[in-house]
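Remarks on the structure that follows.
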There are 2 protein chains.
Amino acid sequence: MLDGMTTPRDPVGPGLAALAGLLADETRAGFLLTLLDGRASTAGELARQAGVAPSTASEHLGKLVAGGLLAEERQGRHRYVRLADAGVAQLVEDLAAQVAPGAAERPRTLREAAAGSAMARGRTCYDHLAGRLGIALTDALTGRGLLRQDTGFALTDAGLRWFEAAGIPLDRTGRRPLARACLDWTERRPHLAGTAGAALCRHALDAGWCVRIGSDRAVKVTPDGERAFAELLGIEATALR
Amino acid sequence: MLDGMTTPRDPVGPGLAALAGLLADETRAGFLLTLLDGRASTAGELARQAGVAPSTASEHLGKLVAGGLLAEERQGRHRYVRLADAGVAQLVEDLAAQVAPGAAERPRTLREAAAGSAMARGRTCYDHLAGRLGIALTDALTGRGLLRQDTGFALTDAGLRWFEAAGIPLDRTGRRPLARACLDWTERRPHLAGTAGAALCRHALDAGWCVRIGSDRAVKVTPDGERAFAELLGIEATALR
DNA sequence: CGGACACTTCGGCGCTCACCGAACGATGGC
DNA sequence: GCCATCGTTCGGTGAGCGCCGAAGTGTCCG
């Protein structure tokens with residue numbers, strides 16, 4: 001750099017580079033992907049999963065928290081961290097979606113293939129459902145005229161009534177959009193995110209329509225869930241497998 | 001890193017970090033922000049604006065092109081580069097929006113304040129209109145029932161008819177959504193992006209409703225444009241200043 | 001109160017990478 | 001054909017950063 005005599009720079013440039021720098025490390029990126037389900041982890045847990053020393057993980061977490069990407073909560077001798085908000089989750093999702101298309105990402109080992117298959121079937125994406133499950137729900141909503149995708153991405157009035165009838169309350173007070181498209185990185189198609197997507201996911205888990213598999217982001221549909229999805233949205237059970 | 005014995009990693013992690021690494025350099029971030037208007041620049045021009053040696057800029061451009069963020073077009077001894085596609089533009093926009101809220105970004109010099117003011121009034125954001133102008137158009141469309149924002153973000157049937165009546169054709173064949181919300185980093189509010197936003201911006205420039213100011217992303221509304229916006233959307237001229 | 005545990009701080013190592021200047025094609029104008 | 005211009009390639013340099021292990025701090029439990 002020469003001096004200050006250059007053309008007036010965008011003030012947002014350095015900030016953008018600093019933010020991207022937080023995501024530019026493989027270990028930190030792994031932390032964020034691990035936390036993408038919206039749940040909290042401890043520092044040691046993240047260190048083990050990433051294969052780095054606890055001291056290294058501690059430094060990374062410090063940077064991510066300072067950068068506003070993670071929120072922390074100290075409980076005794078534990079340090080719990082989670083994504084700061086839905087905006088951060090969306091950002092990580094967008095980046096992941098941008099990178100996925102190039103490499104079709106074929107799995108290398110059988111274990112990874114099995115894990116990837118479960119994830120492809122159904123998983124949570126921060127606070128909403130993704131994978132083939134998420135796509136199936138989104139398609140069903142769209143096919144029944146409850147969600148409009150041809151001119152953007154929004155619930156219809158019939159969609160609002162459907163949520164009410166299903167007993168899934170929608171909080172419309174916040175600034176967060178009711179419906180938003182989230183690009184699925186395994187299906188390469190948009191699925192329902194936003195307040196409505198979060199409410200649907202929460203209700204599906206609360207009502208036992210879906211359960212989490214292990215400690216991963218993967219979820220699977222229960223028999224109860226198959227009945228509910230068939231009854232409420234006309235989804236055939238075969239579409240969920 | 002120890003070896004391959006660690007917990008099966010997300011295959012997308014390294015790719016995400018690599019992509020973020022491209023954005024993590026201040027000079028490269030500046031390039032992308034400069035190109036955010038969708039137009040092409042030469043390598044030397046970018047080098048001068050960023051205040052780095054031509055050789056340095058050349059290396060950066062090589063990385064950005066290899067990473068799929070920029071598309072290049074060689075013409076004689078010139079190397080023109082531009083953003084690869086709308087997805088890249090959206091990504092940069094999202095990152096910029098994420099970073100802006102933290103720092104209110106008060107300008108430092110009078111020149112910057114003037115330039116920032118013009119940008120805040122109206123500008124292009126890749127291929128659609130942003131700034132107060134973009135917000136005013138989006139609000140007017142919403143207020144007239146042409147765009148629905150309360151349950152997501154989508155044009156209404158009346159909106160489709162409005163575009164047709166205004167003589168602005170909408171290409172609905174591509175995979176790109178017709179309407180999408182793009183968060184404005186000066187106004188902190190969503191404005192119309194996607195195919196419809198691009199068509200509206202293009203038409204506004206073609207019809208002389210707006211003209212570009214200098215070589216920047218900034219645009220201003222012409223008297224013709226004030227009349228057109230008043231007639232078609234009921235926007236008062238004072239809202240555009 | 002002492003030991004196990006979770007995390008943090010610190011010093012140091014090694015690698016990566018942005019940067020420059022100089023030399024080298026390649027193109028286009030005179 | 002000659003020269004200016006644009007871009008690229010190449011060595012070299014310096015700063016930054018991710019990583020570790022060792023030592024230190026705070027917390028919980030027996």
Side-chain angles (χ1 to χ4, degrees), chain A residues 1-6 9 13-14 16-32 34-35 40-67 69-82, chain B residues 1-6 9 13-14 16-32 34-35 40-67 69-82:
Chain A
M1 196 71 65
L2 303 177
D3 56 18
M5 285 296 292
T6 55
R9 295 282 298 264
L16 199 162
L19 173 60
L22 288 175
L23 306 167
D25 177 78
E26 205 168 312
T27 302
R28 284 195 295 267
F31 285 0
L32 293 170
T34 298
L35 296 169
S41 286
T42 66
E45 201 172 343
L46 291 169
R48 236 173 302 113
Q49 279 191 17
V52 296
S55 59
T56 303
S58 179
E59 290 170 356
H60 284 312
L61 292 179
K63 292 179 186 181
L64 289 170
V65 170
L69 295 182
L70 296 185
E72 71 179 352
E73 199 170 335
R74 311 239 176 189
Q75 282 182 19
R77 53 186 172 181
H78 294 277
R79 179 196 208 180
Y80 285 95
V81 294
R82 54 180 165 74
Chain B
M1 197 69 65
L2 304 177
D3 55 17
M5 285 295 294
T6 54
R9 295 283 297 264
L16 200 161
L19 173 60
L22 287 176
L23 305 167
D25 178 78
E26 204 169 311
T27 301
R28 282 195 295 266
F31 285 180
L32 293 170
T34 298
L35 295 169
S41 286
T42 67
E45 203 173 342
L46 290 170
R48 236 173 300 115
Q49 280 192 17
V52 297
S55 59
T56 303
S58 178
E59 289 169 355
H60 285 312
L61 291 180
K63 292 179 185 179
L64 290 170
V65 169
L69 295 182
L70 295 186
E72 70 180 348
E73 200 170 336
R74 311 239 174 190
Q75 282 183 17
R77 54 185 173 185
H78 293 278
R79 179 195 208 178
Y80 285 95
V81 295
R82 54 182 164 73

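Protein chains get the first letters and strands the later ones, always in sequence-line order, with residue 1 at the start of each. Below, all heavy atoms of this structure are taken into account, side chains as well, without hydrogens, waters or symmetry copies.
Regarding A:Q75, its CD atom lies at a distance of 16 Å from the C1' atom of C:dC5, rounded to whole Å. Between the CZ atom of B:R48 and the C1' atom of C:dC19 there is a distance of 19 Å, rounded to whole Å. In this structure, CD of B:E72 is placed 8 Å from P of D:dT8, rounded to the nearest angstrom. Atoms CG (A:D25) and P (C:dC17) sit 12 Å apart, rounded to a whole Å. Separating the CG atom of A:L22 from the P atom of D:dG16 is a distance of 17 Å, rounded to the nearest angstrom. Distance CD (B:E59) to P (C:dC17): 12 Å, rounded to an integer number of Å. Here the P atom of nucleotide C:dC19 and the CG atom of B:L46 are 13 Å apart, to the nearest Å. One atom, NE2 of B:H78, and another, P of C:dG25, lie 21 Å apart when rounded to the nearest Å.
In terms of position along DNA chain D, the nucleotide closest to B:L61 lies nearer the 5' end than the nucleotide closest to the other residue of the pair A:A53 and B:L61. Along DNA chain D, the nucleotide nearest B:Y80 and the nucleotide nearest A:T56 are compared for position; the residue whose nucleotide lies closer to the 5' end is B:Y80.
When each of C:dA6, C:dT27, C:dC19 is scored by its nearest atom to the side-chain atoms of B:T27, the top-ranked nucleotide is C:dC19. In this structure, the nucleotide among C:dA18, D:dC6, D:dA22 sitting nearest to the side chain of A:S55 is D:dA22. Side-chain atoms of A:R28 lie closest to D:dG18 of the nucleotides C:dT8, D:dG18, C:dA18. Of the candidate nucleotides D:dC6, C:dA6, D:dT9, D:dC6 has the atom nearest to the side chain of B:R77.
With hydrogens and angles disregarded, a donor-acceptor distance shorter than 3.5 Å links the side chain of A:R28 to the backbone of A:G21.
Residues A:L22 and A:L69 have side chains in contact (heavy-atom distance under 4.5 Å, counting atoms from C-beta outward). Counting heavy atoms from C-beta on, the side chains of B:T27 and B:L46 never come closer than 4.5 Å. Residues A:L61 and A:R79 are in side-chain contact: their nearest non-hydrogen atoms beyond the backbone lie under 4.5 Å apart.
Here OG1 of B:T42 is found 11.0 Å from CD of B:Q75. Values are rounded to the nearest 0.5 Å.
Side-chain nitrogen and oxygen atoms of A:K63 include none within less than 4.0 Å of the OP1 or OP2 phosphate oxygen of D:dC17. Put simply, B:R74 has no side-chain N or O that comes within less than 4.0 Å of OP1 or OP2 on C:dT27. Phosphate contact (OP1/OP2 of D:dC6, side-chain N/O of B:R79, threshold under 4.0 Å): absent.
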